Amino acid sequence: MSPRRARRRDPFQRPDGRGAVRPITSVPGVDRVESASDGDWVVRDVPGAAPARTYRCPGCEQEIRPGLPHIVSWPAWPGGEEERRHWHTACWRNRINRGPGRSRY
């Protein structure tokens, strides 16, 4: 019989309740407005269980497969919902650093 391994628990999963309170960074499905040098954007976090189809990320031109958490964004102006795009989370955060000749979405 092999020895039992001790697993390090996340401080939020300790049975005695010790540890910090879990921070809420974003709530899936709730919109927020982000301002950056490329304008104001409405952003929504999409959990991995939600999408049932494949999307193409405008940041890296790669597929966002079903089951992968990602971000949906659109311009924060009236009618901007028509320009809604699905992004990988990392691609969204690095969109300002994209080189010249790339569209913003």
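Computed from a prediction, not measured in an experiment: that's the story for all the values here.
- Between Gly59 and Cys91, the closest heavy-atom pair is CA-CB, 4.3 Å.
- In terms of modelled atom types and a separation under 3.5 Å, the side chain of Arg93 and the main chain of Ala90 share no donor-acceptor contact.
- Considering CD1 of Ile71 and CZ of Arg44, their distance stands at 12.0 Å, rounded to 0.5 Å.
- Interatomic distance, Arg56 CZ to Glu63 CD, rounded to the nearest 0.5 Å: 5.0 Å.
- In this structure, the separation between OH on Tyr55 and CH2 on Trp87 is 16.0 Å, given to the nearest 0.5 Å.
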- Would you check, one step at a time, whether the test side chain to side chain donor-acceptor pair (under 3.5 Å) holds for His70 with His86? CA-CA 7 Å; His70 63 281; His86 294 254; 2.9 Å; yes

- Message: Evaluate Arg85 against Trp92 for side-chain contact (heavy atoms from CB on, under 4.5 Å), listing each step before the verdict.
- Response: CA-CA 10 Å; Arg85 300 289 182 265; Trp92 174 252; over 6 Å; no

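- The heavy-atom pair separating Ser73 from Val43 by the smallest distance is CB-CG2, 4.3 Å.
- Glu82 CD: 12 or fewer foreign heavy atoms inside a 6.0 Å radius.
- Among Thr89, Leu68, Val72, Ile64, the one residue that satisfies the side chain to side chain contact (heavy atoms under 4.5 Å, CB included) test with Val46 is Val72.
- For the pair Arg84 (side chain) and Trp74 (backbone), a donor-acceptor distance under 3.5 Å is absent.
- The shortest side-chain heavy-atom distance between Pro66 and Thr54 falls under the 4.5 Å cut-off.
- Salt-bridge annotation for Glu34 and Arg32: present, with a side-chain N of the basic residue lying under 4.0 Å from a carboxylate O of the acidic one.
- In this structure, CZ in Arg95 is found 11.5 Å from SG in Cys57, a value given to the nearest 0.5 Å.
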